[in-house]
Amino acid sequence: MLPGNPDVDTDVQPPMRLPLGHFVVALGALCVAVLVGLLRGDTLFAPAAGLAHVHLVLVGWVCLTIAGAMTQFVPVWSGVRLHSTRLAGVQLALLAGGLAGFAAALLAGAFAPLPAFAAAMLLGFWIFVYNIARTLARARPFDVTERHFAYALASFLAVSALGVSLAAGFTRPDFLPVSRVALRGSHVALALFGAVLCTVFGALYQLVPMFAQSDLDAFDRRLQRLEETVYPLGVALLAMGRLVGIAPLARLGGLLVVGGVLAVAVVLARRLADATVSWGPMLRRYAVLPVAMGAWAAWTLPVWLARPLAYDAAVGAPGSFSLLVLGVVGFVVLGTLYHVVPFIVWVHRYSDRLGFEAVPTIDDLYVARVAHVDFALLLAGTALLVLVTGGVALPAPLSRAGDALVAGGVALAAANLLLVVCRHAVAPAVSARFGSLASE
């Protein structure tokens, strides 16, 4: 059973290699993305390096982490077995391979193979959606987390189809039935606010009360129902309004999206303020979310009301990409990984020994000091990037330090989590394997 929640069952979880495989590849993609971000102004890369960087972050790090997390925790949360472990392995291969080729082609400035690599990612996402949808179908009636996951799965279907169209437009601009700006705006809305944030919100409704040991009260539940009513509708209206070029439709959708984000921010802030447990790496990172979400909403709302179709306002106010992707998505993903990776390893490695011998706790598996340092680096780096992209004049050394601080924080977090896997999963398995061979 998952600590603090007797309603979830770890007996139905898939093999450890499936979620951990997704998480390891995702962390690798994040490290590559940070490197590309540091070097993309160099002549080493083609002008499309910025697009490669965005896809490495959002598809490689965020979406692969989501795919691994859903593969692990939808069965656990919903109490049903994963529809197919084989399909989960196939989705990882297609997504990782498609993304690697897509990013490499963009970095090299070779656009001809982009549609093929985008099609591989589309197939990987659609297999992921099919596998999780078949799993969720056995869990009805849905709770709030499962409903958000269903909204996110629908967005994954749509956004991957739009992505293939955008990739085809690189080689055949006349292929696109609408303008590239309109297609990109809709693609971004469905990807970031639909696929990613719907997943994040659904998971947070489960994780924050569970690990803060702070249950939602009546006011929180009213906000939750409000968000669930307006937010998915807002994402659909924003994406459709941008696609067909109807500003009032996109404006209404943007207003609903901002309102939904604010509702979630208030619920998170209230639950974290009432936390009854000590604050570990997970809750410290979650504490950044309400502040970042509130700042993004206040910064974005005037822009979306004035020009919801603008190219530079796809993710919110110009310059708000770092605030939303790092300040919200980045901290929730890393915070969750700081519990999920050690938890999966602990369950498979140590849970059977509990009560028979001394075993480490979940928090003992990673290095706490490293977690403190990477949090400080990521927080400082994100703050500097938000200030710089927001147009705040800073001294030259500070204006260039944001990327370096984020890179250092990412490297430390990735090393800390990978060390958990190597020390407590890979090394014991290798040792056991060689021990059995020696005994033979």
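Below, all heavy atoms of this structure are taken into account, side chains as well, without hydrogens, waters or symmetry copies.
- The closest side-chain heavy-atom distance from V329 to L58 is not below 4.5 Å.
- Between D220 and R225 no salt bridge is recorded (no basic side-chain N to carboxylate O distance below 4.0 Å).
- At a threshold of 4.5 Å between non-hydrogen side-chain atoms, the residues V59 and F102 do not count as touching.
- L249 places none of its side-chain heavy atoms less than 4.5 Å from the side chain of R242.
- Side chain to side chain, T336 and Y286 meet the donor-acceptor criterion of an N or O pair below 3.5 Å.
- A donor-acceptor pair shorter than 3.5 Å cannot be found between the side chains of Y151 and R147.
- In this structure, G327 and T382 approach most closely via the heavy-atom pair N-CG2, 3.9 Å.
- Ring geometry, F156 versus F128: the interplanar angle exceeds 60°, so the pair is classed perpendicular (tilted spans 30 to 60°).
- Under the 4.5 Å side-chain criterion, counting only non-hydrogen atoms from C-beta, V328 is not in contact with V332.
- The minimum heavy-atom distance linking V57 with A33 is given by the pair CG2-CB, 3.6 Å.
- For the residue pair H22 / Q91, a side-chain donor-acceptor distance below 3.5 Å is found, with atom types taken as modelled.
- Using bins of under 30°, 30° to 60° and over 60° for the plane-to-plane angle, the ring pair F375/F331 lands in the perpendicular bin.
- At a threshold of 4.0 Å, the pair R221-D215 does not count as salt-bridged, since none of the basic side-chain nitrogens sits closer than that to a carboxylate oxygen.
- Partner of Y205 under the side-chain hydrogen bond (donor to acceptor under 3.5 Å, both in side chains) criterion, out of Q224, E228, E227: E227 alone.
- With salt bridges taken as basic N to acidic carboxylate O contacts below 4.0 Å, one links R307 and D312.
- Ring geometry, F201 versus H148: the interplanar angle exceeds 60°, so the pair is classed perpendicular (tilted spans 30 to 60°).
- Side chains of V333 and W61 form a contact here, defined as non-hydrogen atoms less than 4.5 Å apart.
- With a 6.0 Å cutoff to the six-membered ring centre and a 45° limit on the axis angle, R184 counts as a cation-pi contact of Y311.
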Q: Dump the intermediate steps for salt bridge (Lys or Arg N to Asp or Glu O under 4.0 Å) on D374 and R285, then the final yes or no.
A: CA-CA 11 Å; D374 78 57; R285 284 156 180 78; 2.4 Å; yes
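- In summary, the side chains of W296 and T300 do present a donor paired with an acceptor at a separation below 3.5 Å, with no hydrogens or angles considered.
- Aromatic ring orientation, F149 versus W77: tilted (interplanar angle from 30° to 60°).
- V164 and A118 get closest at one heavy-atom pair: CG2-O, 3.6 Å.
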